[in-house]
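A quick write-up on the structure given underneath.
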Amino acid sequence: MAMSEDRPINDRARELLEEHRDSIFRRTDHMFAWLMFFQWLAGIGIALWVSPFSWAGRTHYIHPHIWSALVIGGLICSLPILLANYYPGKAITRQTIAVGQALASALLIHLMGGRIEAHFHIFGSLAFLAFYRDWKVLTTASIVIAVDHIARGLLWPESLYGISIFGLQRSLEHVGWVIFEDVFLIYSTWISCREMTVIANRRAEMEKMQSEVEREVTERTREIELQRLVLQESHERLERQTDELRKAIEASEGANRAKSSFLANMSHEIRTPLTAILGFADVLLETGDIYKAPVERIEAIETIRRNGSHLISLINDLLDFSKIEAGKFQVENLPCSLHRLIADIRQLMQVRAEEKKLNIKVDYSGPIPEMILTDPTRLRQILMNLLSNAIKFTHEGTVNMQVGLVGKSPNRRIQIDVTDTGIGISEEMRDKLFQPFTQADGSMSRRFGGTGLGLTISKRFAGLLGGDLTILDTTHSGTTFRLIIDPGPLHNVSFQEPETTPFAPDLEKSKPTDTKNALRDLRILLVEDGPDNQRLISFLLKKAGAEVDLAENGELGYQKATAASIAGSPFDLILMDMQMPIMDGYTATMKLRADGYPNPIIALTAHAMAEDRNRCIEAGCTDYSTKPVDRAKLIELIRFHAAAASV
């Protein structure tokens, strides 16, 4: 019975000991079966050798010793051999074998005429019987030997000692030697049994430990299997959630793409007519005797320009906000002069400030890096938005910019505080001010204009520039916004004192204010499908002195440009609308570049997103300009590229 956790170790140890002893008994029984059979044959052989056929006179006969060896030896070994074969391991078998082995020794001594060497067979028999590790067997055999020696020593000493002299003393001496050997054999048997007991106890303990280990392994295996099932279920649930999330992301990305596509198309469709609206409004203000026009007419034209500009601002904010919400807005880290950028912005916004008789003041709290690494376009957009708001909500006083470098290396940041003396912001609206489409109150957009996206976009841009935009302080007498940005690594960057900073050149003033004849002697191909924009842009270019040829789509533009090149009088520059019927501007530009057309091609498109510029440049355009048209910038751009191409 195998070891179980509830079974006592002693019971199992006794069981193991009995099993081991039974195995020893059975093995020794079989050994003695063969041993006694060979002893029988050996006895017969000894009888034949020691007592051969006798010959006396006229008759001969076989010596009785031979018959004794054959018959008595057979009787002595028959029963032990039968019991060893049919009842191995039994106590009666061992005892019978012990008696048989002792009698076999007695017979051998008799057959050898009591020779002293034959008596050693007794010691060998006892030693073999000790294999049983059973002191009772040794005792039984020793008693038989003692009885035999004493009986035969009294009754038939010749068969035991080879002489007829009474040998009780010798018999007792032989019995003493047997007892002497028994002492060692029994002691050895006791030691052996004790070792077997110890081994059985250890084996029982090991079985106990093995049983506990197996139970532990079984429990752990069951727990692992349960955990595996739980993990498998979790994995399957996670896969389902991942699949659902992937589908949701795909749906969201699809929605974002659809939204971006919608915004891009909406931007294009709004910018295209606004190009004509704002452009012709400018024409109305600049042509004829406008100074003789009624004030109401001029105000109407200004209203058209102002609302058109508001629409453009709204579209730009929506596009930026859409890109930020989609997580696709990326900033560029470019070397930038913070002094020059602030000077440019101050000079640009000062024009608007002066309309309200305000002054923009810039203070530096210490030296700042000559160059920083940031996105100057987005930084400019944030500062212009803050200054625009400050001017918008300030009726009198000043708008102040406090610029400085704060923090310790390597966590130094550029800090710009924009403070106005305007109407302030209420506490309840302070936390909502950076939420999209939120202004101080509902009347703000009606009174001051604005989309409600400027601060939201500026805060997101500040985050993209490694900083933040917060409201530092606000009261009824003014508000301070704090902008913090990361200036990038400042190792080996020199610092400038504000007083030593050269004042930024007046770029606006450096530009030609009179565009008349700015494009004189230039032949320009205008590829544009919109009739209104054809008339407007042609008018502006011709007014600047250019010779303008028109093409209604990309295919006609490609044919005209190719024909002019073949005729040896290529156009100096091509203005290419990018979205047109029949053939768009991208395809026409790529075909011209594939044919080796070398002159400048400027994309003029109502697609105003950042990737649209990259797409135009990748198609082969030299530069990129958006609609509505800024007349001065467009003419300056054309003149720059035409001059560069002629070098």
Original post:
Mind checking whether F539 and V283 have side chains closer than 4.5 Å, heavy atoms only?
Top reply: yes

Subject >> Short side-chain to backbone donor-acceptor contact, T394 and A390, under 3.5 Å >> reply: yes

Original post:
Near R593 CZ, under 6.0 Å, is it more than 12 heavy atoms from other residues, nucleotides or ligands?
Top reply: yes

**OP:** Please say which of L536, I301, T275 ends up in a side chain to side chain contact (heavy atoms under 4.5 Å, CB included) with F280.
**Re:** L536

Original post:
Any side-chain heavy atom of M576 sitting closer than 4.5 Å to one from C616?
Top reply: no

Original post:
Taking 4.0 angstrom as the limit, do R482 and D417 come out as a salt bridge?
Top reply: yes

Subject >> Polar side-chain atom of E555 near backbone of M583 as donor-acceptor pair, under 3.5 Å >> reply: no

Original post:
Ignoring hydrogens and geometry, is there a side-chain-to-backbone donor-acceptor pair from T589 to A619 under 3.5 Å?
Top reply: no

Original post:
Looking only at atom types and distance, does a side-chain atom of E528 sit under 3.5 Å from a main-chain N or O of A551, one as donor and one as acceptor?
Top reply: no

**OP:** Ignoring hydrogens and angles, tell me if any N or O in the side chain of R380 forms a donor-acceptor pair with the backbone of L341 under 3.5 Å.
**Re:** no

Original post:
Are any non-hydrogen side-chain atoms of T605 and Y624 less than 4.5 angstrom apart?
Top reply: yes

**OP:** Report yes if some heavy atom in the side chain of R523 is under 4.5 Å from a heavy atom in the side chain of V548; otherwise report no.
**Re:** no

Subject >> Side-chain ion pair, K247 and D243, N-O less than 4.0 Å >> reply: yes

Original post:
Does atom CD of E552 have more than 12 heavy-atom neighbours, drawn from other residues, nucleotides or ligands, at distances under 6.0 Å?
Top reply: no

Original post:
OH of Y558 to OH of Y597: how many Å apart, nearest 0.5 Å?
Top reply: 12.0 Å

**OP:** Compare all side-chain heavy atoms of L575 with those of L525 and state whether any distance is below 4.5 angstrom.
**Re:** no

**OP:** From the options L386, L483, L387, select the one residue that forms a side chain to side chain contact (heavy atoms under 4.5 Å, CB included) with M401.
**Re:** L387

**OP:** Might you confirm whether atom CD of E396 has over 12 heavy atoms from other residues, nucleotides or ligands at distances under 6.0 Å?
**Re:** no

Original post:
Can you check side-chain hydrogen bond (donor to acceptor under 3.5 Å, both in side chains) on N385 and S388, steps first, answer last?
Top reply: CA-CA 5 Å; N385 182 63; S388 177; 5.7 Å; no

Subject >> Check: R271 main-chain N/O paired with K627 side-chain donor or acceptor under 3.5 Å >> reply: no

Original post:
Does T480 offer a backbone N or O that forms a donor-acceptor pair with the side chain of T419 under 3.5 Å?
Top reply: no

**OP:** Check for a donor-acceptor pair, side chain of K356 on one end and backbone N or O of K392 on the other, with a separation under 3.5 Å.
**Re:** yes

Subject >> D612/R615 ion pair, N-O < 4.0 Å >> reply: no

Original post:
Is the closest side-chain heavy-atom distance between I414 and P369 below 4.5 Å?
Top reply: yes

Original post:
So, the side chain of N553 versus the backbone of I582: is there a donor-acceptor pair under 3.5 Å, distance only?
Top reply: no

Subject >> Salt-bridge present (R305, D282; N to O < 4.0 Å) >> reply: yes

Original post:
Between R639 and E636, is there a salt bridge with N-O shorter than 4.0 Å?
Top reply: yes

**OP:** Mind checking the CG-CG spacing from L637 to L604? Nearest 0.5 Å is all I need.
**Re:** 9.5 Å

**OP:** Examine distances only and state if a side-chain atom of T470 and a backbone atom of L472 form a donor-acceptor pair shorter than 3.5 Å.
**Re:** no

**OP:** May I ask you to check whether over 12 heavy atoms, not counting those of F495, lie within 6.0 Å of atom CZ?
**Re:** yes

